[in-house]
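Data first, discussion second: the structure below is written as structure tokens.
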Amino acid sequence: MRATSVAEAKPIKILLFAALLVVAPLLTARAAADRVRRDDSLKAAREAFDASDYSKAATLLQQAAAQNPRDAEIHFLLAKTYYEFQQHDAAIASAEKAVAIDPQSSLYHEWLGKVYGEKADHSSMFSALSLAKKARKEFERAVQLDQNNFSAHQALIEFDCSAPSIAGGGEEKAGQEIARLAALDAAEGHYAAGNCRRQKKDFAAADAEFDKALALHPKSAELIYDIGDYAMKHDQVDRLLLVVDEGERAAPSDPRSKFYRGVVWVIKNENYQESERLLREYLQQAPRRNGFPPLWRIHESLGRLYENQQKTQQALQEYEIAVKLEPKSKDAHEALKRLKKQAAARPGSTS
């Protein structure tokens, strides 16, 4: 075969360059179109997630993951979706993929720790121990990557305060971590200390720490309403009112303020009409999501509201719904037993 001359090579180079000029814009346009499709899929998936339509969100994200297997954000959102589904193994697989693709993300490590922890809570003792150790490792890594990831700090502290040393926990470790967090944000530090005392059932100390946290106007709605859940369970009206005020300040559009304000009136046995309105509005508006009062808790509160008004049949109906949704609800079971006993003791009862 004869050698190509210099004169012949020039036209070839020119043709190749011209072809690149044509192909490059096509590749750029295709990449842009793929990006638009990816963004549209994520937007639709987030909208489904926010609407608590986790089945739709999972389907959209699975399709997006098939088209973009190296997209960490998609796998992370899938992990969060499976977490709400209580599909623990799928949540772990997706979270692990997100971390593998982007190992420098504090948020991804935090959520991998969460899903490990959730799986541990539903596993045998041997498996739970291994998963718990993994969870702590991820929380610790999340904190190392971002000192301002306060929710990761809280997760690590809660783990160390409640888990035994064999799982890597320990109250001494928790105390050191609380001090570090308090230096970054005093409100977060007091909440962490209160949460740790709550784990140990030292409720007087927990009360004091939670009050200090609320007085410093915390920024996190999750932190505020977790204190609200604690106050509700202990019938602490004044603290619950403070929680509502702080929650509305920190997150004005968060529907949880309606629930807890309604519960205040239930506990006080006052303002029945307003309480029912708030609880019913929350029932219609709130997402079905971890961190938000669940449906059974709302029906249990409505049952107590109707019981306060001696509307026995309505109370029974609400308590029965609560028990159906959450068979482990001790308060709802006891209320049903109490109301049925009262009904049977009334004159003219045929039971």
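For the single chain, residues carry numbers from 1 onward in sequence order. Note that this is a predicted model, so its numbers are computed, not measured.
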Task: Exam field: side chain Ser275 to backbone Asn271, donor-acceptor pair closer than 3.5 Å - done: no

Task: Lys/Arg N to Asp/Glu carboxylate O, Arg256 vs Asp254, below 4.0 Å - done: yes

Task: Leu241 with Leu278, same ILVMFWY side-chain cluster at under 4.5 Å - done: no

TODO: Name the orientation class of the two ring planes belonging to Tyr54 and Phe49 (parallel below 30°, tilted from 30 to 60°, perpendicular beyond 60°).
DONE: perpendicular

Task: Stepwise side chain to side chain contact (heavy atoms under 4.5 Å, CB included) test for Gln314 and Leu302 - done: CA-CA 9 Å; Gln314 288 170 279; Leu302 284 166; over 6 Å; no

Task: Note, Glu138 side chain near Tyr108 side chain (heavy atom, < 4.5 Å) - done: no

Task: Heavy-atom donor-acceptor pair, Gln309 side chain to Leu305 backbone, under 3.5 Å - done: yes

- [ ] Taking only Lys NZ, Arg NE, NH1 and NH2, and the carboxylate oxygens of Asp or Glu, determine whether Lys80 and Glu84 approach each other closer than 4.0 Å.
- [x] no

TODO: Pick out which of Phe292, Tyr191, Tyr260, Phe259 makes a ring pair (Phe, Tyr, Trp, His ring centres under 6.0 Å) with Tyr225.
DONE: Tyr260

- [ ] Using modelled atom types only, decide if a donor and an acceptor are shared between the side chain of His109 and the backbone of Lys137 within a distance under 3.5 Å.
- [x] no

Open item on the list: Quick one: does any side-chain atom of Lys258 pair with a main-chain N or O of Leu283 as donor and acceptor, under 3.5 Å?
Closed with: no

Task: Step-by-step side chain to side chain contact (heavy atoms under 4.5 Å, CB included) determination, Lys56 to Glu47 - done: CA-CA 10 Å; Lys56 181 179 179 181; Glu47 288 173 351; over 6 Å; no

Task: Set of salt bridge (charged side-chain N to carboxylate O under 4.0 Å, His left out) partners for Glu246, sequence neighbours left out - done: Arg249

Open item on the list: How close do Ala79 and Ala91 get, counting heavy atoms only, and between which atoms?
Closed with: CB-O, 3.6 Å

- [ ] Answer yes or no: is there an ion pair linking Lys233 with Asp229, defined by an N-O contact shorter than 4.0 Å?
- [x] yes

TODO: With the side chain counted from C-beta on, respond yes when His88 and Asp121 share a heavy-atom pair under 4.5 Å apart, and no when they do not.
DONE: no

Open item on the list: How close do Gln147 and His153 get, counting heavy atoms only, and between which atoms?
Closed with: O-NE2, 2.9 Å

- [ ] For the pair Ser130 (side chain) and Phe126 (backbone), establish whether a donor and an acceptor sit closer than 3.5 Å, ignoring hydrogens and angles.
- [x] no

Sequence neighbours excluded and cut-off under 3.5 Å, please list the side-chain donor-acceptor pairs for residues 165-181, or say none.
residue	atom	partner	partner atom	Å
Glu171	OE2	Arg197	NH1	2.6
Lys173	NZ	Gly168	O	2.7
Glu177	OE2	Arg136	NH2	3.3

Open item on the list: Looking only at the side chains, is there a donor atom on one of Glu300 and Ser329 sitting less than 3.5 Å from an acceptor on the other?
Closed with: yes

Open item on the list: Under a 3.5 Å cutoff, is there a donor and acceptor pairing between the side chains of Gln317 and Tyr306?
Closed with: no

Open item on the list: Which heavy atom of Ala128 sits nearest to which heavy atom of Ser123, and what is that distance?
Closed with: N-CB, 4.0 Å

Open item on the list: Looking only at the side chains, is there a donor atom on one of Tyr230 and Asp207 sitting less than 3.5 Å from an acceptor on the other?
Closed with: yes

Open item on the list: Hydrophobic clusters here meaning ILVMFWY residues chained together by side-chain heavy-atom distances under 4.5 Å, can you tell me if Ile321 and Leu295 are in one?
Closed with: yes

Task: salt_bridge(Asp53, Arg288) N-O dist < 4.0 Å - done: no

Task: Heavy-atom check, side chain of Val244 versus side chain of Glu248, under 4.5 Å - done: yes

Task: Under 3.5 Å side-chain donor-acceptor pair for Arg289 and Tyr83 - done: no

Open item on the list: Walk me through whether Arg277 and Glu281 qualify under salt bridge (Lys or Arg N to Asp or Glu O under 4.0 Å).
Closed with: CA-CA 6 Å; Arg277 182 186 70 79; Glu281 283 186 7; 2.7 Å; yes

Task: Salt-bridge contact Asp331-Arg304 (side-chain N to carboxylate O under 4.0 Å) - done: no

Open item on the list: Minimum heavy-atom separation for Leu339 and Ala315, please, with both atom names.
Closed with: CD1-CB, 3.7 Å

TODO: May I ask you to test the Gln63-Leu60 pair for a side-chain heavy-atom distance under 4.5 Å?
DONE: yes

Open item on the list: With a 4.5 Å cut-off on side-chain heavy atoms, are Lys324 and His299 touching?
Closed with: no

Open item on the list: If only side-chain N and O atoms count, and only distance matters, is there a donor-acceptor pair under 3.5 Å linking Tyr116 with Glu96?
Closed with: yes

- [ ] Starting at CZ of Phe139, measure out to CH2 of Trp111 and round the result to the nearest 0.5 Å.
- [x] 10.0 Å

Task: ring pair (Phe, Tyr, Trp, His ring centres under 6.0 Å) partners for Phe203, two or more places apart - done: His234

Task: Shortest non-hydrogen contact from Leu112 toward Ile92 - done: CD1-O, 4.2 Å

TODO: Please name the pair of heavy atoms, one in Pro255 and one in Tyr282, separated by the smallest distance, quoted to 0.1 Å.
DONE: O-CD1, 3.2 Å

Task: Lys337 and Glu334 ion-paired at < 4.0 Å - done: no

Open item on the list: Can you confirm whether Leu42 sits close enough to Ile74 that some side-chain heavy atom of one is under 4.5 Å from a side-chain heavy atom of the other?
Closed with: yes

TODO: Test side chain to side chain contact (heavy atoms under 4.5 Å, CB included) on Arg198 and Asp226 and set out the steps.
DONE: CA-CA 12 Å; Arg198 170 171 57 180; Asp226 186 59; 2.5 Å; yes

Open item on the list: I'd like to know if the side chain of Glu110 pairs up with that of Ser151 as donor and acceptor (distance under 3.5 Å, no hydrogens or angles considered).
Closed with: yes

Open item on the list: With a 4.5 Å cut-off on side-chain heavy atoms, are Leu242 and Asp238 touching?
Closed with: no

TODO: Compute whether any side-chain donor of one residue and acceptor of the other, for Gln154 and Asn195, lie under 3.5 angstrom apart.
DONE: no

- [ ] Would you confirm whether Asn149, through its side chain, and Ala152, through its main-chain N or O, come within 3.5 Å as a donor-acceptor pair?
- [x] yes

Open item on the list: Quiz question: by atom type and distance under 3.5 Å, do the side chains of Glu73 and His75 form a donor-acceptor pair?
Closed with: no

